[in-house]
Amino acid sequence: MLNYFIRMEENLVIVESPAKAKTIKKFLGDSFIVKSSFGHVRDLAKKDLGVDVDKNYSPNYIISPDKKKIVAELKKLASKSKLVWLASDEDREGEAISWHLKEVLGLKDDKIKRIVFHEITKEAIQKAVENPRNIDKNLVNAQQARRVLDRLVGFNLSPLLWRKIKPSLSAGRVQSVTVRLIVEREREIIKFKSVSKYKVIANFIANGKVFKAELNYKFDTGKEAYQFLELCKNAEFLVEDVQKKPSKKSPAPPFITSTLQQEASRKLKFSVSQTMRVAQTLYEHGYITYMRTDSVNLSNLALSTAKKSITEEFGEKYHKSRNYKTRSKGAQEAHEAIRPTFINNKTIEGTRQEQKLYELIWKRTVASQMADAELEKTIISVKTNNSKYKFIANGEIIKFDGFLKLYIESQDDENIEEINDMLPDVKAGQALSAKKIEAVEKYSTHPPRYTEASLVKKLEELGIGRPSTYAPTISTVQQRGYVSKEDRNGNKREVEVYTLENNEIKKRLKSENYGAEYGKLFPTSIGMVVNDYLIDNFDNIMNYNFTARIEKEFDEIALGNTEWTKMIDDFYKPFISQIEDSLKNTTAKKYERLLGNNPENGKPVVVKVGRYGPYVQIGENEEEPKFASLLKEQNIETITLDEAIALFRLPRNLGQFENEEVIVAIGKFGPYIRHNKKFYSIKKPDDPYTIEYDRAIEIINKSRENEKLFPREFKDAPNLKVLKGRYGPYISYNNKNYKIPRKIDPATISLEECWDIIKKIDNKNNK
DNA sequence: CAGTGAGCGAGCTTCCGCTTGACTT
């Protein structure tokens with residue numbers, strides 16, 4: 001068929017991912033060996049800057065330590081092959097991977113062929129093999145510029161922070177702007193003042209049907225709302241206008257990395273990293289296409305199988321072929337959208353999580369090829385004879401469900417308007433009677449804090465970061481202590497409700513929860529300090545458009561219009577003088593805030609940020625000021641005087657037990673009792689501020705008894721033991737270990753439960 | 001990992017993007 005198929009093993013094909021290698025092997029026959037490089041094989045040396053800024057930014061590349069083995073293997077195979085096909089992805093990073101491979105394997109130009117394909121089908125691969133090209137050095141240079149710039153920024157800014165703020169901190173083009181987003185959102189929330197307004201909803205009756213309509217005005221006070229209801233007592237309600245409008249909804253495009261992360265978060269409550277882990281498994285099993293992509297493109301094969309699948313299951317009317325266009329900034333489109341490899345497989349074998357994520361991908365992919373939903377929207381406006389305000393009723397009915405049969409995209413927005421499904425058939429001029437009219441006090445809500453997934457959405461909109469880095473970036477900013485993912489208990493408040501019913505107005509108070517947060521990203525005190533320092537001194541790099549701007553310059557390099565070293569030089573010269581200037585002339589603002597005076601002794605209470613993080617100090621310029629660290633969930637910008645003083649109520653010394661002191665305090669992992677160098681955690685409903693001596697001893701004794709239980713043995717199973725180890729409780733059986741799930745208490749676990757766990761884990765491993 | 005907050009200074013930390021293991025509990 002092809003000239004290259006001459007002798008066994010004359011061709012070596014190198015791709016980036018081993019799963020891809022496996023698939024391609026099937027399409028290519030015996031004369032091709034297909035191997036993977038596992039991504040980049042070389043990177044800038046890490047021990048210093050890795051770039052010689054005095055020698056025209058010459059990069060010092062070394063083979064990454066974890067790639068030494070694979071490089072040696074590839075070298076050996078390459079030397080035995082006649083041709084080496086470099087088949088890494090068709091984008092900036094992929095081109096660079098091919099070039100680095102050519103360099104480290106010492107390959108001459110006439111021994112390599114550069115090929116690319118966007119989908120893994122026999123046709124696409126054959127076409128690629130028939131159309132080889134050379135390595136695009138301009139594109140490689142664009143990658144070198146990207147790499148070198150990130151290194152110059154990161155390895156100059158970070159040491160500056162070590163000097164000015166605290167060791168081991170970090171800064172970079174992506175992470176620092178990520179932290180900025182979270183800090184600025186938090187400050188908006190701190191500034192936000194919630195106000196309440198009165199929203200009026202009427203339940204009208206027409207043609208024997210009840211429907212809801214909202215007043216087109218919200219009252220500022222309960223008094224005004226009350227006065228309006230008074231007017232409604234004897235009012236006539238007339239239909240002023242009825243509008244009917246056809247409308248339609250279209251399905252969302254197939255998944256890319258960021259949208260998969262968002263939907264898995266909203267629909268399945270997966271964290272961003274969890275989504276990627278599960279998707280990786282699906283990919284490795286061949287169930288889905290590659291999961292790190294920014295392309296919404298579907299292969300022709302996928303389009304035709306989706307069509308077949310939809311027509312067979314729902315009928316021809318439900319199918320509509322669609323090609324989506326990628327709209328995100330800086331997309332490089334080396335892959336397809338994330339879709340099932342075989343669209344006729346509705347379900348797969350695997351863990352519950354794998355099945356759920358697969359089902360989500362399947363539905364989204366198929367729905368994207370389905371017909372629009374056809375709706376009819378109705379708006380009825382109702383006027384009264386003694387007020388200028390009007391009631392508006394919104395109705396929406398589905399005339400044809402189309403893609404909605406399969407998939408509805410979730411929204412982040414929590415304030416969804418009330419919409420009637422079917423409205424009664426009323427005519428202009430028709431009189432209505434009001435069954436009930438209610439004015440409810442509604443508080444405005446602050447801008448929402450970011451979740452991991454909504455942060456990814458924002459980063460993608462700004463063109464910052466890549467599909468392969470969203471999850472790692474989120475974990476980096478948390479590891480550095482700039483951001484933490486937390487839950488917050490809400491508070492209760494009472495809202496006023498005025499109800500007009502049977503010509504009588506009643507007032508009542510309704511209690512509601514507000515301010516509860518789940519899995520939201522909060523900036524830490526140190527995150528805020530570092531952010532402010534960077535914005536003060538490096539506003540260019542901290543600008544949300546910085547990445548977009550340099551991306552344009554990388555594009556010029558890729559087109560061959562700019563020398564990459566020239567672009568870097570233009571950036572570096574002013575940047576390094578900013579760095580030198582900051583080293584000499586700046587100090588990070590010492591954060592200090594006076595909260596007030598301690599009511600007990602009148603001494604000033606101040607929040608500060610020190611070497612070990614944020615703390616409160618009582619008494620200044622004294623021989624012995626008192627210190628206390630802020631709790632994990634407290635922030636220097638929001639802590640109050642009362643909260644600060646409460647910190648000094650701990651540690652508490654409850655007295656002596658067995659000749660050792662019993663101390664209660666709050667540590668890194670929450671409240672604890674310390675006794676004789678051992679720690680016992682205090683769990684709710686016990687409270688470290690109020691717990692008494694007797695109860696503390698009880699906790700110590702209970703924990704001791706609990707310890708005595710281990711190792712637990714069962715007389716019916718001599719080679720089975722329940723143990724507690726470094727990573728938590730586990731079962732040891734026939735020299736194999738099995739983790740005990742968190743929801744099962746190892747102190748009371750039964751033998752049957754042990755067998756269950758063993759069976760489940762063994763089954764999973766055998767698959 | 002459990003209690004620090006002065007200052008000195010050895011030696012360490014750090015970036016973004018491409019990809020999976022090896023961890024075993």
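Each chain gets a letter, A, B and so on, in the order the sequences are listed, and its residues count up from 1. These numbers were taken from a predicted model, which means no experiment stands behind them.
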What pairs of nitrogen or oxygen atoms, one from the protein and one from nucleotides 4-8 of chain B, lie under 3.5 Å apart?
residue	atom	partner	partner atom	Å
B:dT4	O4	A:Ser629	OG	2.8
B:dG5	N2	A:Tyr612	N	3.4
B:dG5	N2	A:Gly613	O	3.1

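Within the 4.0 angstrom heavy-atom criterion, only backbone atoms of the sugar-phosphate kind lie near A:Gly172; the bases stay farther away. Looking at heavy-atom distances under 4.0 Å, A:Ala96 makes no contact with the nucleic acid at all. Counting non-hydrogen atoms under 4.0 angstrom, A:Gly94 reaches nothing in the nucleic acid. If you check every strand for non-hydrogen atoms under 4.0 Å, A:Thr547 touches nothing. Within the nucleic acid shown, A:Tyr283 comes within 4.0 Å of sugar-phosphate atoms alone, with no base atom in reach, counting heavy atoms only.
Rounded to whole Å, atom C1' of B:dG17 lies 8 Å from atom CD of A:Gln143. Between A:Ile165 atom CD1 and B:dT14 atom P there is a gap of 16 Å when expressed in whole angstrom units. Regarding A:Leu161, its CG atom lies at a distance of 11 Å from the C1' atom of B:dT13, rounded to whole Å. Residue A:His100 contributes atom NE2, which lies 14 Å from atom C1' of B:dT19 at whole-angstrom precision. Between the CZ atom of A:Arg173 and the C1' atom of B:dG17 there is a distance of 9 Å, given to the nearest Å. Atom CE in A:Met276 sits roughly 13 Å away from atom C1' in B:dG17 (whole-Å rounding). Look at NZ on A:Lys67: it is 10 Å from P on B:dT20, rounded to the nearest Å. The distance from atom CZ of A:Phe679 to atom P of B:dA2 is 7 Å, rounded to the nearest whole Å.
For A:Asp150, taking side-chain heavy atoms from C-beta onward, the closest of the listed nucleotides B:dC18, B:dT13, B:dC16 is B:dC16. Among B:dT20, B:dC16, B:dC15, the nucleotide with an atom closest to any side-chain atom of A:Arg480 is B:dC15. Out of B:dT20, B:dT14, B:dT19, the shortest distance to the side chain of A:Glu284 is found at B:dT20. Among the nucleotides B:dC16, B:dT13, B:dT19, the one closest to the side chain of A:Pro18 is B:dT19.
Using a 4.0 Å cut-off between a side-chain N of Lys or Arg and a carboxylate O of Asp or Glu, A:Glu551 and A:Arg92 qualify as a salt bridge. Using a cut-off of 4.0 Å between Lys/Arg side-chain N and Asp/Glu carboxylate O, A:Asp43 and A:Lys67 are scored as not salt-bridged. In summary, A:Arg151 and A:Asp48 do not engage in a salt bridge, as defined by a charged side-chain N under 4.0 Å from a carboxylate O.
Between the side chains of A:Arg42 and A:Ser64, no donor-acceptor pair is found at a separation under 3.5 Å. A donor and an acceptor atom, one from each side chain of A:Glu336 and A:His118, are nowhere located under 3.5 Å apart. At a cut-off of 3.5 Å, with distance as the only test, a side-chain donor of A:Gln175 or A:Ser170 sits close to an acceptor on the other residue. Side-chain contact of A:Glu93 with A:His40: a donor-acceptor pair under 3.5 Å is present, judged by distance alone.
For a distance-only test at 3.5 Å, the side chain of A:Arg146 qualifies as a donor-acceptor partner of the base of B:dC16. Counting atom types as modelled, A:Ser170 pairs no side-chain N or O with a base atom of B:dT14 as donor and acceptor under 3.5 Å.
Residues A:Tyr290 and A:Tyr283 place their aromatic rings such that the two centres sit under 6.0 Å apart.
For the pair A:Ser36 and B:dT19, the criterion of a side-chain N or O lying under 4.0 Å from OP1 or OP2 is not met. Remark: A:Arg147 is not in phosphate contact with B:dC18, judged by side-chain N or O atoms under 4.0 Å from OP1 or OP2. An OP1 or OP2 oxygen of B:dG3 is reached within less than 4.0 angstrom by a side-chain nitrogen or oxygen of A:Arg674. The phosphate of B:dT20 has OP1 or OP2 within less than 4.0 Å of a side-chain N or O from A:Arg292. Taking 4.0 angstrom as the limit, A:Thr469 places a side-chain polar atom (N or O) nearer than this to OP1 or OP2 of B:dG17.
In this structure, A:Tyr290 and A:Lys46 both approach DNA chain B, and ranking their closest nucleotides by distance from the 5' end singles out A:Lys46. Nearest-nucleotide positions on DNA chain B place A:Leu169 closer to the 5' end than the other of A:Pro472 and A:Leu169.
Within 6.0 Å of CZ in A:Arg163 there are 12 or fewer heavy atoms belonging to other residues, nucleotides or ligands. Residue-environment remark: NZ (A:Lys608) exceeds the threshold of 12 foreign heavy atoms within 6.0 Å. Under a cut-off of 6.0 angstrom, the local environment of NZ in A:Lys137 is crowded, with over 12 non-hydrogen atoms contributed by other residues, nucleotides or ligands.
Scanning for side-chain hydrogen bond (donor to acceptor under 3.5 Å, both in side chains) contacts around A:Ser58 gives an empty result, with sequence neighbours left out. Among residues two or more places apart in sequence or in another chain, the side-chain hydrogen bond (donor to acceptor under 3.5 Å, both in side chains) test is passed with A:Tyr544 by A:Glu184. Residues satisfying the side-chain hydrogen bond (donor to acceptor under 3.5 Å, both in side chains) test with A:Gln280, not counting sequence neighbours, are A:Glu284.
Only A:Arg151, A:Gly154, A:Phe155, A:Ser158, A:Pro159, listed by number, bring a heavy atom of residues 151-159 of chain A to less than 4.0 angstrom from any atom of DNA chain B.
With centroids closer than 5.5 Å and planes inclined by less than 30 degrees as the test, A:Trp162 and the base of B:dT14 fail to qualify as a stacked pair.
Look at the C1' atom in both B:dT13 and B:dG9: the space between them is 16 Å, to the nearest Å.
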Legend entry - Bracket string, DNA chain B, 5' to 3' - pairs by Watson-Crick or G-U geometry under 3.5 Å, | interstrand: .........................

